[in-house]
Amino acid sequence: MAEAILKLADVQKTYTRKANGQVQKVRAVRHVTFDVPRQHIVALVGESGSGKSTIAKLITGVERADAGAIVFNQKPFGEWRRNMREYRRHVQMVFQDPYAALNPLNTVRYTISRPLANYRALKGSASDREIERILETVHLTPVKEFVDKLPFELSGGQLQRVVTARALASNPQLIVADEPVSMLDVSIRAEILHLLDELRTKQGVSLLYITHDLISARMLADEIVVLYRGTVVEEGNAQEVARNPMHPYTQLLLQSIPNPWAPALEPNVDLSRLDRTSDDGGCVFRARCPHAMKVCETAVPTLKSGAAGQKVACFLHHAPETQEVAAP
Amino acid sequence: MTSVLGVLKPFWKNKLARTGVIIVGIIVLMAIFAPLITPYSPNNSSFAPMLTPSAHHWLGTTQAGQDVYSQLIWGARQSLYVGFAAGIASTIVGLVIGLIAGYAPGIVDDVLSYLINVFLVIPGLPLMIILAAYAPVHGSLLIIFVITVTGWAWGARVLRSQVTTLRSRDYVAAARFAGDSMWRIIFREIMPNMISLVAAGFLGAAVSAILAAAGLEFLGLGDPSINSWGTMLYWAENSGALLQGQWAWLFAPGFLIAVLGTALVLINFAVDEMANPRLRKKG
Amino acid sequence: GSQTTSNNTTSSGKVPPMVLSVDPGNPLYSKNWNPFSPNALWGQAWIYETLYYNDAMNGHQTPWLATSYKWNSPLQLTFTIRKGVKWSNGTAFTPNDVVFTFNMLKKFPALDTNGVWTVLKSVTAQGDNVVFDFKTADVPAYTYIAGTPIVPASIWSKVKNPVTWTDPNPVGTGAYLVKSYTPQEFILVKNPHYWQASKVKVQEVEFPAVSQSANTVWLNLSEGKYTAANAFAPNIYKTYLNKDPKYRHIWFAPSGASNLTMNLTKYPFTSQTFRQAMAYAVNKPEVSKKGEYGYSPVASQTGLTLPANQSYLDQSLVKQYNYHYDPAKAAQLLKSMGLKKNSKGQLLGSNGQPITFTMIVPTGFSDWIEDAAIIQGDMKALGITMNVQTPSVSTWVSDMETGNYDLTLNFGLNQYNPYFYYESNLATSNTAPIGKNATSNYERYSNPQVDALLKKYAASTSLTQQKQIIDELQKVMLTQVPVIPMFYASNWNEYDNRYYTGWPTAQNPYVTPTYNTPDAEMEFTHLAPRK
Amino acid sequence: MRYLVRRGIMLLLTLWSAITLNFLLPRLMPGNPAEVMLAKFKGKGNMSPQAIHAIKVMLGLNNESLWQQYLQYWHEIFHWNFGVSYTYFPFSVTHEIAQALPWTLVLIGVTTVMSFVIGTGLGIAAAWKRGSLLDSSVTSIFTFTSSFPYFWFALICIFLLGFETTVFPNSGGFAATMNPGFNMAFIGSAVYHSILPAFTILVSSLGGWQLQMRNNMIAALNEDYVVLARAKGLPERTLAILYAARNAILPNMTSFAMSLGFVVSGAILVELVFSYPGMGNLLYSAVSNEDFPLMQGIFLMIVVCVVLANFAADVINVFLDPRVRRGGGEA
Amino acid sequence: MALLEVEHLTVTYGNVHAVRDVSLKLEPGEILGVVGESGSGKSTLGYAVTKLLRSPGQISAGRVLFEGQDLVPMAERELRKKRWKDIAVVMQSGMNALNPVATIRRQFEDAIMAHSPMSQTKMRERVAEMLQLVNIDARYADNYPHELSGGMKQRVAIALALVLDPKLIIFDEPTTALDVVVQRYIVQNLKMLRKRYNFSALFISHDLGTVLEIADRVAVMYGGKMVEVQAAGELLKNPRHPYTEALLKCFPDPRSEQIEVLGIPGTPPDLADLSPGCPFHPRCAMAMDRCRVETPEYISMGEAGVACHLAAREVEVGQNG
Ligand SMILES: Nc1ncnc2c1ncn2[C@@H]1O[C@H](COP(=O)(O)OP(=O)(O)OP(=O)(O)O)[C@@H](O)[C@H]1O
Ligand SMILES: Nc1ncnc2c1ncn2[C@@H]1O[C@H](COP(=O)(O)OP(=O)(O)OP(=O)(O)O)[C@@H](O)[C@H]1O
Ligand SMILES: [Mg+2]
Ligand SMILES: [Mg+2]
C-alpha cells in the first residue's frame with residue numbers, strides 16, 4: 001500500500017452552536033482516524049449530519065480540530081498552519097454546489113486565473129495558456145467557447161468542471177471533494193466521476209471523495225470510510241465494504257438503496273427506530289441498531305480488523321475489551 | 001453613452017422603473033439646463049414682490065421679488081445635489097461599516113454592530129435638527145453631513161447581514177482556496193454581488209435625504225440664501241404664501257419633491273426586484 | 001376668509017369679548033405670573049404696576065404708583081408714593097411695598113435683570129416718599145427704577161425663593177384680575193377696586209395662546225379672530241387690512257434702530273473712511289422694503305429714533321453727513337483710501353488681497369437673512385465678497401460677545417432716551433477685548449471723549465446739558481460711523497376697532513403698543529367698547 | 001429565556017451609550033447655552049456680575065469637571081430629575097415633558113398604530129390581489145403620498161380644511177377654553193383637533209408599511225407552505241391571513257416596535273405646523289431656544305422608549321414566532 | 001372511467017414552455033411515476049393537474065379531467081371543494097411545506113375543518129391516528145415544524161395528505177432531500193399506506209430507482225414532453241426510448257459484481273426554444289436526420305406509449321410483423 005499523503009488520528013471537533021441565543025454543543029466529529037494513501041481515492045460515506053463536511057473543513061484548514069492529529073505529507077497540520085498558503089496550494093477543495101461555488105459575476109477565465117496568479121505567479125499569456133490546458137484536462141472543449149462565459153451560461157455539469165479546474169490550477173497533491181455530484185442530475189454525475197478518476201490516474205492527485213451515496217463510492221474509490229454521527233464505524237477496501245458490509249449501519253445503507261432489478265431480494269428493513277438517537281456513551285448507533293445488545297449501551301466499540309480485511313467498530317464482530325466495559 | 005444605456009437597460013424593461021428613470025431624467029435635465037429654460041436668474045429680485053402667477057411670472061414672485069418659476073427650476077440642482085450627495089455619503093459610510101462588520105468576525109463585528117444598534121435607536125430627525133441647529137456654518141454641506149451621520153446605520157445593518165450571508169457562500173471560500181487576499185475577496189467577490197442592494201440602499205437614502213433636507217431647510221436650518229426646494233418652502237411659509245393666494249409658490253416645490261421621491265422609489269422597486277428575486281414577475 | 005367678528009353683533013348692544021394675541025405660549029402656557037420671571041405670562045402686565053409710566057417711544061411720563069419724583073441730587077432720587085391704592089386682596093399699597101420690592105431685587109440678584117443695584121446704594125421709605133440713594137451718579141437709571149414692577153410685601157416676603165416662584169395667584173395693584181386660566185387661554189377681568197377704575201372700560205380680556213407656527217397666527221389674524229395682536233405678518237395689507245379695511249388698522253410704531261455692526265478691530269472696518277463708504281454703500285431703502293417687508297423705516301445714521309427723537313436731531317450735521325444710498329460716493333471714498341480693483345473686479349485691500357468678510361445672522365431670523373442677501377449684493381457691487389453665515393442664536397450671541405465675527409446685524413433698544421443707545425453702543429465699559437465677553441458694545445468702539453460725555457450725561461439732571469451731550473454723540477456717529485443704524489425695528493400692532501376704540505395711533509401715540517408692563521395698563525385706560 | 005436575557009444585556013449596553021451620548025452631545029456643541037439664557041434674563045438692561053452669577057448657579061451652569069458632571073448626570077437620572085428648563089424657567093424639565101407627553105402619545109401613538117394596521121392591511125390586500133386595480137392604485141397612490149414632505153402636505157391641509165373651509169381647527173390640541181381633564185367635552189375637542197394632523201401623518205406614513213408588507217406578503221405567497229395551504233382547499237381568508245400574512249408580518253414587527261418607540265419623539269414637523277402641544281413641538285422649542293436640559297430630558301425619554309420598544313419587539317417575537325420561542329433546530 | 005385524464009396539456013411560464021402537449025391517464029388505485037431530469041417539467045405537470053401553478057405559470061392548452069370533469073375552466077370556488085378531499089399534494093421538502101408558525105395539529109385541523117368538520121375530540125383522535133400511521137408519536141402533534149427532523153416532517157406531510165382520504169395524491173419528489181435510509185423508510189411506509197387506503201398517485205421524482213420500486217407505471221419526461229410511458233417492470237427490462245435507456249444505465253444494481261455508470265453526455269434542452277425536432281436528439285446516440293427536423297409524435301399504445309422516431313418505427317415494424 002502506498003504511503004499516506006494524509007493521516008487523521010483521533011480527530012475531534014465539537015461545535016458550540018448559538019441558535020437564537022441558546023448554546024448547544026454538537027459533537028460533529030468524535031474520534032476519527034483514517035489515512036488517504038498517495039494517489040488513492042478514499043470515499044467518506046455517511047448520512048446527513050454525520051460529520052463529513054466537518055472533516056473536510058478540518059483537513060482544508062477552514063476549521064481547527066479540538067483534538068487529534070492531522071498530518072499532511074508527514075508534516076502535522078500545526079506546522080502547516082504557519083504557512084496556510086503553501087498548504088492550500090497542495091490541498092484544494094471541490095465544492096458540492098457548483099452553482100454556489102462560482103461567483104455569478106466572474107468569468108471562467110477570471111476564476112481559474114486566480115490560483116494561477118496566486119500560487120504559480122502566472123500572468124498574461126502564460127496564464128491563458130495554462131487555463132487552456134487545464135480546461136482541456138477537465139474536458140471543457142473547445143476551450144474558446146467556454147473560457148469567457150459567465151456561470152449562468154453554463155450547465156451544472158460544466159460548472160462542476162470549472163470548479164474542478166480551479167482546484168487543479170494550483171497543481172495540488174490532494175483534492176477534497178465534498179459531495180461533488182450530489183447536486184447534479186444523475187445523468188451527468190457519471191461524467192464528473194470519470195473526470196475525478198482520470199485526475200487520479202493522469203495527474204496523480206490523491207482524492208478524498210465525500211458522499212452519502214454508497215454506489216458512487218464503490219464506483220470511484222479505492223477505500224471507503226463509513227461515518228456515523230462523527231465516528232468511523234467501518235473502513236476498508238471499497239468493493240468489500242460496499243458489497244459485503246459488516247457494520248449494521250453500512251448494511252442498512254446498502255439495503256436502503258432502491259433496487260428495482262431484484263425486487264425479490266428487497267429486504268424489509270426494520271426502520272421503526274429511525275427517529276431515535278442516543279448521545280450518552282455506548283455505541284452511537286445502538287438506538288437504531290436492530291442487533292443492539294446490552295454491552296452496546298455501556299461500551300464504545302473501537303475500529304478493529306474484521307474478517308474480510310475491512311475494519312469495523314461493532315461488538316457483533318469482536319467482543320468488548322474489559323476496560324471498556326468498565327467505562328461509564 | 002452606450003455604457004450608460006447598458007446600465008439602464010434592465011430598468012428600461014420594467015415599466016415602473018422606466019417611469020422613474022424618465023422622471024428623474026427630466027428633473028436632471030431641468031437642473032442641467034436651468035439657465036436655458038428659465039426666463040430670469042433665480043436671485044434676480046428686481047420684480048415686484050408677491051405677484052400671483054401671470055404670463056411674465058408663471059408661478060408668481062417671492063416676497064423678495066424673485067421669479068418663482070426660475071427658482072423652482074434652479075432649485076432642482078440643489079435638491080438633486082443634496083439628495084444624491086447625502087445618499088452617496090450615507091451609503092458609503094454604511095457600506096464601509098457594513099462590509100467591515102460583516103466580514104471581520106468577533107470583536108470588530110461586535111463593536112460595529114453595537115455602534116449600528118446605537119445609531120438605530122437614536123431618533124434621526126431630532127438629532128438632525130440639533131446637529132444642524134448648532135453647527136456654526138449652515139449650508140448644503142452641513143445638511144449632507146447631518147443626514148449622513150443620522151442615516152448611515154440602516155444601510156449598514158442591511159449590508160452587514162448581506163455580507164455575513166455572502167461571506168459564507170461557497171465561492172468566497174473558494175476564493176480563499178484560490179489564494180486571494182481578504183481585500184480582493186471583499187472587492188471582487190462580495191462587493192459586486194451587493195450592487196443591487198447597495199443601489200437600493202442608495203436610492204432609499206437619497207429619498208429620505210431629499211425629504212430630510214427639505215424638512216431641515218423648511219425649519220430654517222439650511223442656508224436660506226441657497227436656492228433649493230426646501231428653502232423655497234421656507235420662504236413661502238415665512239411669507240405667508242398661502243394666505244396671499246400664492247399657491248404655486250408653496251405647492252410647486254413640495255410637489256416636485258414628492259415627484260422626485262416617487263420616481264426614485266419606483267426605480268428602487270426595480271432594483272429591489274433584482275435584489276430579491278421573489279418579487280420578480282416575469283414576462 | 002370669513003369675518004367671524006361681524007357675526008357677533010347682538011341687538012342688545014353687548015360687545016364680544018376682547019381677544020388679544022400677545023402671549024406666545026409654547027404652544028401651551030406655563031402658569032407663571034411672576035413679573036420678574038423671564039418667562040412670565042404677558043398678562044402680568046395688566047396686574048402689576050410700576051411707579052411711573054415712561055413712554056419708550058416719545059418719552060412722555062405719566063405718574064402711576066408714584067405721584068411725582070424728584071432728583072434731589074444726581075445721587076438721590078425721591079418718589080412720592082400714591083395714596084389710596086389697594087392690592088387686589090384688599091390690603092393697602094404702601095411705600096413699604098416699594099422698598100420691599102427693591103430690597104428683594106438686591107437680595108436676589110437674579111431678579112435684578114436691569115441691574116439697578118449696580119448703581120443704587122439704598123432704598124428707604126420716608127413717609128409717603130421712597131428715597132433712592134446712588135453709589136454712582138446715574139440719572140438715566142430712573143427709567144429702570146420707575147419701570148420696576150412693584151409687588152406686595154405681605155405676600156412676597158413669605159416666598160422662599162422669588163426667583164423660581166411662579167406666583168400662582170397674583171396679587172397686584174393693576175387694572176385686571178385673573179378670571180380663568182387654561183393652558184391655551186387665560187381671561188382677565190376688570191379689577192373693580194382699581195385706583196383709576198373709572199378709566200378702565202373693558203370688562204374682560206381674553207388671551208388665547210398664540211401658536212408657535214407663524215402660519216396659524218396669520219390665519220387667525222386674517223380670519224379676524226383677534227381684536228388686537230402684536231404679530232409680525234407678511235404683506236399685512238393683503239392678508240389683514242384689506243379684508244376689512246373699515247375696521248382693521250395697524251400701527252407699527254418704530255422702536256430703536258437695528259445696527260449693522262462691524263468688528264472695529266478687523267481690517268477693513270478699522271478704517272473710518274471705509275466705514276463711511278459702507279454707510280453709503282448699503283441700500284437701506286431696499287433692506288427696509290424687501291428684507292423688512294416695508295414695515296421698518298430706514299434709520300438715521302445718528303442712531304436717534306425718528307421721528308420720536310426729532311427734537312434731538314442736529315439738522316446742520318445731518319445735512320453735512322447725508323448717508324443716503326449712494327454707491328458712487330462709496331466707491332469714491334474707497335478710491336480715496338487708495339484701494340483698487342483687480343482684473344476680476346475684486347476690490348483689493350491694503351495688503352493686496354481681495355477684501356472679503358463674512359456677515360453672520362442668526363438662524364431663523366428670516367428677515368435679517370434677506371437683509372444680509374441684499375447687503376451681500378451691495379458689497380458685490382463694490383467688488384467686495386461678503387459671505388453670509390447663519391449660526392445658531394447662541395453661537396451668534398457668543399460670537400458677538402467675544403468679538404469673533406466680521407459683520408452682523410444687531411437689535412437696537414426700545415428706549416426713548418437716546419442716551420441708552422449711545423451708552424450701550426459706544427461706552428468703553430460695555431466692551432471688552434477680543435476673546436472676552438463684551439456687554440453690548442460688540443463692535444468694540446472705545447473713545448475716552450465719548451466715555452467722558454456719557455459719564456457727564458449720567459450725572460446731569462439738566463435737560464439742556466443733556467441735549468448738548470447728545471449733539472456731541474450724534475456727531476461721533478456721523479463722522480466715525482462706529483455702527484450703521486439700518487432701520488427702526490417695528491412694534492407690530494394690529495387692531496380691529498369695530499367693537500373697541502381708543503387705540504393708540506400714529507396721530508395719537510399716547511402709548512407704545514407693546515403690552516409690556518407699564519404700557520399695557522396705559523393703553524387699557526384709554527380703550528373702550530364702541531358705543 | 002436565555003435569549004431574552006442576552007437581548008436584555010445588549011439593551012442595557014445600548015441604553016448606556018445612548019444616555020452617555022446624550023450627556024456629551026450638548027457639551028460638544030459650539031456656543032454657550034448659558035449665554036442664551038442670560039441674554040433672555042438680561043432683557044433690556046445691564047446685568048451686574050452678581051446677577052449673572054446668581055443665575056448661573058440657579059441653572060446649574062457651574063464649572064465642574066466633565067467627570068463630576070457625568071456622575072451628577074447619572075445621579076439626577078436615577079432621581080428622575082432632569083433639571084430646570086431654560087425655556088420654561090422656573091418649570092422643571094419633568095414638568096414640561098409630563099405636560100407634552102400625553103398629547104404625543106395619543107396623537108402619534110394612535111396614528112402610528114393606525115398607519116401600521118391600515119398599511120399592513122392594504123399591503124396584504126395588494127399582494128393578495130397582485131396586479132389588480134386595487135393593487136396598482138393603492139400601491140401607486142401610497143408610493144406617491146409617502147414621498148410627500150409631511151409639513152408641506154400639512155400646510156396645504158391646514159389651509160384648505162382649516163382656513164378656506166373651517167372644517168377643522170387649524171392649530172392646537174384642544175379648544176382654548178378648556179382645561180385638560182377626563183371629560184367628554186374635552187376628549188371630544190381633543191379628538192376633533194387631532195383629526196387633521198392625524199390625517200396628514202397617516203397619508204404620508206401609510207405607504208411605507210403598505211409597501212413593506214406587500215413585499216413580504218408576495219414573498220410569503222410563494223412559499224411552499226402557502227401553495228400547500230391552497231392545495232388544502234382552505235378558505236381564501238384563512239390562506240391569506242393565517243398562512244401568508246401571519247408569516248409575512250413577522251419581519252415587520254421589529255420596525256413597528258421601533259416606530260412605536262419613536263412615537264415619543266413626536267412628529268416634529270407636523271406638531272410644529274399644527275402647533276400641537278406634543279413632544280415634537282417641545283423638542284423643537286428646546287432646540288431653538290437651546291434649552292439643553294430640556295433637550296437632554298426629551299432625548300433620554302426617546303432613547304429609553306425606543307430601546308424598551310425594541311425589547312418589547314423581541315418579547316413579542318418570542319410569542320409570535322415559535323422558531324424563536326422554542327429554540328431552533330433539530331437534535 | 002379513468003380517475004385522471006390529462007389531454008394535450010401545455011403549460012407556459014412566459015415564453016418558457018415547461019410542459020408541452022402532455023397526455024396521460026391514471027386509473028383508480030394506480031401509481032404513476034413521473035421521472036426526468038431537473039427542469040424537464042415534472043413539477044409543473046404535477047401542479048398543473050392541481051391548478052396550483054405559481055405565477056406566471058399558465059395552462060395555455062389542454063384539459064385535465066378529474067373523474068370526467070375538466071378542472072381547467074373550473075372556478076376557484078368549485079375547485080376548492082375538490083382540493084385535499086379529492087386531490088392532495090405532498091411537496092418536496094416538508095420543511096417548507098409546513099407553516100412554520102402553526103403547530104402540526106393545527107395544520108391537520110384546518111384541512112379537516114375546511115372540508116369535513118368534526119368535533120374537537122374526534123379531530124384529536126384523527127390527528128393521532130394519522131401520525132401513528134407514519135410512525136410518529138402523537139405527542140408531536142403539538143410541536144412546531146422546526147422541532148421535527150427532516151424525515152419526520154416529510155412523513156407528517158404524507159400523513160397530512162392522507163387525512164381526508166383523497167382519491168389522488170400528487171407526490172412531488174417526496175424523498176429527494178432525504179437520506180437513503182429515511183428514503184427507504186418512506187417508500188416502505190407509502191407502500192403500506194397504499195395497500196391500506198388504495199389511493200391513486202402521481203409520484204414525481206428524478207430517482208428512477210425509487211420510482212420503479214413504487215410505481216405501477218412510469219412516465220418519462222424530457223424537455224417538457226412525455227417521451228415514454230410503460231409499466232414499471234417493462235420499462236426496466238425493455239425501454240423503448242433512447243433517453244429512458246440511457247437513464248436506466250445511470251441506476252446500476254447495487255448488488256451486481258461490476259458497477260459501471262454511464263452518464264448521458266450533453267446538456268438538457270432550453271425550454272424557451274420552440275424549434276422543431278426531437279428534444280433529445282443532440283444527446284441521442286441513435287439520432288437520425290429526421291430527428292433533427294421533425295418532432296416525434298407521442299404514440300399511445302393503451303397503457304404505454306413512446307415519442308421517438310426510432311421506437312415508432314419499431315412499433316410499426318412490430319405491429320406489422
Ligand atoms: N459551523 C457549525 N456550527 C455548529 N454546528 C455545526 C457547524 N457545522 C456543522 N455543524 C453540525 O455538525 C454536524 C455535522 O455536520 P456536517 O456538515 O459535517 O455533516 P455532513 O455529514 O457534511 O452532512 P451533509 O450530508 O448534510 O452535508 C451536524 O449536526 C451539523 O449540524
Ligand atoms: N415560477 C416559475 N417561473 C418561471 N419559470 C419556471 C417557474 N417554475 C418553473 N419554471 C421553469 O419551468 C421549467 C420546468 O420546471 P419544473 O419545476 O416543472 O421542473 P422539474 O422537472 O420539476 O425539475 P426539478 O427536478 O428541478 O424539480 C424549468 O425550466 C423552470 O426553469
Ligand atoms: Mg456536508
Ligand atoms: Mg420539481
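For CZ of E/Arg124, the number of neighbouring non-hydrogen atoms (other residues, nucleotides, ligands) closer than 6.0 Å is 12 at most. Heavy-atom neighbours of D/Phe144 CZ from other residues, nucleotides or ligands within 6.0 Å: above the threshold of 12.
Chain D forms more heavy-atom pairs under 4.5 Å with one residue of E/Leu164, E/Val89, E/Leu52 than with any other, namely E/Leu52. Of all the listed residues (E/Lys85, E/Lys81, E/Lys51, E/Arg106), the one sharing the greatest number of non-hydrogen pairs under 4.5 Å with chain D is E/Arg106. The candidate with the highest count of non-hydrogen atom pairs below 4.5 Å against chain E, out of D/Leu242, D/Thr238, D/Leu250, is D/Leu242.
Heavy atoms of E/Ala88 lying under 4.5 Å from chain D are absent altogether. Looking at E/Glu76, only its side chain comes within 4.5 Å of chain D, counting heavy atoms on both sides.
Here the shortest heavy-atom pairing between E/Met91 and D/Asp224 reads CE-O, 2.7 Å. The two residues E/Ala114 and D/Gly233 make their nearest non-hydrogen contact at CB-O, 4.1 Å. Heavy-atom minimum distance, E/Asn99 versus D/Tyr243: ND2-CD2, 3.5 Å. Pairing each heavy atom of D/Arg246 with each of E/Val101, the nearest pair is CG-CG2, 3.4 Å. The two residues E/Arg54 and D/Glu223 make their nearest non-hydrogen contact at NH1-C, 4.3 Å.
Side-chain atoms of D/Lys232 never come within 3.5 Å of backbone atoms of E/Leu160 as a donor-acceptor pair (strictly under, hydrogens ignored).
Atom CE of residue E/Met113 and atom CG of residue D/Leu234 lie 11.5 Å apart, to the nearest 0.5 angstrom.
The shortest distance between side-chain heavy atoms of D/Leu228 and E/Trp84 falls below 4.5 Å.
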